[in-house]
Amino acid sequence: MSDLEAPLRPKRKRVWVDYFVQFRWIIVIFVVLPISFTIYFLTYLGDVKSEMKSFKRRQKEHEENVKKVVKRLKERNASKDGLVCTARKPWIAVGMRNVDYKRARHFEVDLSEFRHILDIDKNQMIAKVEPLVNMGQITRATVPMNLALAVVAELDDLTVGGLINGYGIEGSSHLYGLFSDTVVAYEIVLSDGLVVRATKDNEYKDLFYAIPWSQGTLGLLVSAEIRLIPIKEYMKLTYKPIVGNLQDLAQAYSDSFAPRDGDQDNPEKVPDFVEGMIYSPTEGVMMTGRYASKEEAKQRGNVINSVGWWFKPWFYQHAQTSLKRGEFTEYIPTRDYYHRHTRCLYWEGKLILPFADQFWFRYLFGWLMPPKVSLLKATQGEAIRNYYHEMHVIQDMLVPLYKVGDALEWVHREMEVYPLWLCPHRLYKLPFKTMVYPEPGFEHHRRQGDTHYAQMYTDVGVYYAPGPVLRGEVFDGAEAVHKMEQWLIENHGFQPQYAVSELNEKNFWRMFDAELYEYCRRKYKAVGTFMSVYYKSKKGRKTEKEVQEAEQAIIEPAYSEVDQPMD
């Protein structure tokens with residue numbers, strides 16, 4: 001068997017849940033889609049109502065809501081009440097990780113009112129927003145001004161708070177880093193009710209660097225100030241088909257945005273946006289985009305493709321046509337481009353509604369798409385949830401750019417999932433060693449894509465049913481994820497915490513660095529108030545006793561001495 005051949009697996013016997021999943025589209029069409037559309041519409045009306053208020057009024061309401069949060073925290077009796085968490089229902093989160101920690105007794109704090117854009121400062125190029133503002137909401141407000149967040153995550157429903165406390169990436173991350181790297185200030189309510197503004201150069205700079213990836217376990221985020229950039233009306237997008245083995249595809253992907261001469265900061269050589277899709281072990285399409293003005297896009301001979309219309313082909317299928325038609329360029333309205341994967345949820349929509357990509361469905365019912373991920377989770381039940389854990393993969397592998405080819409080969413061997421999504425991002429060398437950090441000494445190697453201040457990483461997005469499952473063979477999803485996590489640890493990679501994890505506590509802290517996080521947990525008295533990030537991410541139900549015992553083990557030595565973390 002060659003290195004790339006997948007192991008032979010026996011056939012799997014079908015059970016009742018297989019048929020339930022196969023015909024789940026009935027519930028999706030008649031229940032999930034109508035309710036989703038209604039929620040989207042009502043949310044839109046709420047956003048319009050919010051936009052009608054002045055920034056001054058929004059800020060006043062924000063301050064009043066912060067006072068309510070402070071008051072609520074001070075009502076907590078630490079000896080009697082459970083650990084603090086938000087009142088948001090477990091199934092509402094977009095991530096696929098089940099929020100089982102809320103099954104234990106807990107002390108709820110309601111943050112549902114924090115869903116407004118507080119200010120858009122065109123002079124300072126800063127947007128101040130509350131944590132429940134989502135990407136669709138903020139692009140509706142900024143794009144008409146020819147402004148955008150430096151990193152706009154692709155799915156409309158992704159919220160600022162989730163992207164900061166968890167993980168956020170986009171096709172511009174090879175320039176600006178992850179979503180959290182574009183934040184200039186956090187407004188945090190600490191465990192004792194103190195409201196602080198953390199920046200990279202004030203007295204709370206340690207907290208500023210510890211917040212990303214912390215899953216809200218250091219304090220409650222109530223607003224963030226995020227960097228804006230100037231944009232133009234269109235994205236000039238070039239699709240380039242690539243044929244070869246997986247290492248060839250990985251090299252073509254690297255060459256699409258990372259000059260081999262190391263001139264990574266040269267805007268003439270580096271595009272504004274980058275994305276790769278691997279459709280098979282031998283075929284992929286690399287896309288590079290540059291902002292373009294309305295005047296340029298409408299010049300004679302140019303093709304404008306408004307991919308956001310409900311009847312348009314799904315974006316990943318449209319990109320795949322370049323494998324037959326060859327390289328081509330078109331102009332996409334910028335906001336349409338930002339949210340190009342929303343309607344079909346990348347390619348997960350094909351599994352949810354197998355016929356939703358057909359022209360007749362797109363024209364008749366495409367305006368109902370996409371189904372809300374939260375509603376899909378709410379209607380799936382325990383049996384289907386367990387089925388997806390075993391028979392489905394929704395994971396991201398963050399790996400150094402020079403290891404992308406190895407990662408693609410590993411995924412093919414162990415999972416056989418296609419398409420695969422490739423998106424590069426800078427991992428910065430920061431004043432503090434944060435939970436995710438570049439390889440030690442990376443700046444001395446100066447590999448393709450690296451600079452002296454940041455190592456280039458790539459998100460390998462693995463979203464779909466594995467090949468063995470599609471062929472009706474035995475597949476152990478939990479074991480596959482466990483192997484993936486071990487591979488990431490061995491190759492200095494990271495797994496975003498929105499996904500289902502099989503990591504035990506020891507391996508969790510082998511993957512992520514605990515020093516700054518634990519220091520801030522103790523310094524800002526989060527221990528004993530907020531659940532630790534490992535227990536919040538841990539698979540399975542968490543009992544109150546289990547959580548309290550784990551927290552007590554930290555509390556006892558926590559305040560005996562607080563040392564300054566090393567830079």
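Just so it is clear, the model here is predicted, and its values are computed rather than measured.
A distance of 7.5 Å separates OG of Ser214 from CD1 of Ile188, quoted to the nearest 0.5 Å. Interatomic distance, Ile231 CD1 to Asp272 CG, rounded to the nearest 0.5 Å: 10.5 Å. To the nearest 0.5 Å, atoms CD (Gln495) and CG (Leu488) are separated by 7.0 Å. With rounding to the nearest 0.5 angstrom, the OG atom of Ser173 is 11.0 Å from the CG atom of Leu427. Glu187 CD to Leu118 CG: the interatomic distance, rounded to the nearest 0.5 Å, is 8.5 Å.
In this structure a side-chain-to-backbone donor-acceptor pair under 3.5 Å is missing from Ser172 to Val152. In this structure, Thr182 contributes its side chain and Ala150 its backbone to no donor-acceptor pair below 3.5 Å. When atom types are taken as modelled, the side chain of Tyr534 and the backbone of Glu505 share a donor-acceptor pair closer than 3.5 angstrom. Of the possible polar contacts, one joining the His492 side chain to the Tyr437 backbone as a donor-acceptor pair under 3.5 Å is found. With Asn507 contributing its side chain and Asn504 its backbone, the two residues share no donor-acceptor pair below 3.5 Å. Without hydrogens or angle criteria, Thr142 side chain to Leu147 main chain gives a donor-acceptor distance under 3.5 Å. Put simply, the side chain of Glu485 gets close to the backbone of Glu502: a donor and an acceptor are under 3.5 Å apart. With hydrogens and angles ignored, the 3.5 Å screen pairs a side-chain donor or acceptor of Ser501 with a backbone N or O of Leu503. When atom types are taken as modelled, the side chain of Glu414 and the backbone of Val481 share no donor-acceptor pair closer than 3.5 angstrom. Between the side chain of Ser191 and the backbone N or O of Lys525, at least one donor-acceptor pair lies under 3.5 Å.
Donor-acceptor pairing under 3.5 Å is recorded for the side chains of Thr139 and His339. The closest side-chain donor-acceptor pair between Ser537 and Gln215, if any, does not fall under 3.5 angstrom. In this model, a donor atom of one side chain and an acceptor atom of the other lie less than 3.5 Å apart for Thr458 and Tyr253. His445 and Gln455 form no side-chain donor-acceptor contact under 3.5 Å, judged by distance and modelled atom types alone. A donor-acceptor pair shorter than 3.5 Å cannot be found between the side chains of Thr159 and Asn134. With hydrogens and angles left out, the side-chain atoms of Tyr402 and Asp450 include no donor and acceptor closer than 3.5 Å. In summary, the side chains of Glu130 and Asn65 do not present any donor paired with an acceptor at a separation below 3.5 Å, with no hydrogens or angles considered. Side-chain N/O atoms of His412 and Tyr418 include a donor and acceptor closer than 3.5 Å. With hydrogens and angles left out, the side-chain atoms of Tyr517 and Thr217 include a donor and acceptor closer than 3.5 Å.
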Q | Pair Tyr186-Asn165, side chain to side chain contact (heavy atoms under 4.5 Å, CB included): steps then yes or no | A | CA-CA 11 Å; Tyr186 302 108; Asn165 280 303; over 6 Å; no
Q: Go through the steps for Asp121 and Lys128 under the test salt bridge (charged side-chain N to carboxylate O under 4.0 Å, His left out), then give the verdict.
A: CA-CA 8 Å; Asp121 189 331; Lys128 184 177 181 181; over 6 Å; no
Q) Please walk me through it: do Glu225 and Arg197 pass salt bridge (charged side-chain N to carboxylate O under 4.0 Å, His left out)? A) CA-CA 10 Å; Glu225 297 164 44; Arg197 181 176 180 269; 3.0 Å; yes
Q.
Run Asp110 and Arg72 through salt bridge (charged side-chain N to carboxylate O under 4.0 Å, His left out) and show every step you take.
A. CA-CA 9 Å; Asp110 187 5; Arg72 175 65 175 161; over 6 Å; no
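Just one residue in the list Asp181, Asp265, Asp459 forms a salt bridge (Lys or Arg N to Asp or Glu O under 4.0 Å) with Arg426, and that residue is Asp265.
Here Tyr464 and Tyr346 keep their ring centres 6.0 angstrom or further from each other. Ring centroids of Tyr204 and Phe208 are separated by 6.0 Å or more, keeping the two rings apart.
A salt bridge between Asp513 and Lys433 is present, with a side-chain N of the basic residue lying under 4.0 Å from a carboxylate O of the acidic one. In this structure, Lys372 pairs ionically with Asp157, as a charged nitrogen and a carboxylate oxygen lie closer than 4.0 Å. Arg340 and Glu275 are joined by a salt bridge, as a carboxylate oxygen and a charged side-chain nitrogen come within less than 4.0 angstrom of each other.
Closest of all the heavy-atom pairs between Ile138 and Val129 is CD1-CG1, 3.7 Å. Shown here for Met415 and Trp410, the closest heavy-atom pair between the two residues is CE-CZ3, 3.9 Å. Summarising the geometry of Asp396 relative to Gly461, their closest heavy-atom pair is OD2-CA, 3.7 Å, with the distance given to 0.1 Å. Taking both residues in full, the closest heavy atoms of Val151 and Tyr176 are given as CG2-CB, 3.9 Å, listed atom of the first, atom of the second, then distance. Here the closest heavy-atom approach between residue Gly528 and residue Leu83 is recorded as O-CD2, 3.4 Å. Shown here for Ile394 and Ala499, the closest heavy-atom pair between the two residues is O-CB, 3.6 Å.
Val436 places a side-chain heavy atom less than 4.5 Å from the side chain of Trp213. Between Glu348 and His392 the shortest side-chain heavy-atom distance falls below 4.5 Å.
Ring geometry, Tyr498 versus Tyr167: the interplanar angle falls under 30°, so the pair is classed parallel (tilted spans 30 to 60°). Ring-plane geometry between Phe114 and His62 is classed as perpendicular, the angle between the planes exceeding 60 degrees on a 0 to 90 degree scale with a lower cut at 30.
More than 12 heavy-atom neighbours from other residues, nucleotides or ligands sit within 6.0 angstrom of NZ on Lys269.
Take Asp201 and apply the salt bridge (charged side-chain N to carboxylate O under 4.0 Å, His left out) test, not counting sequence neighbours, and it matches no residue.
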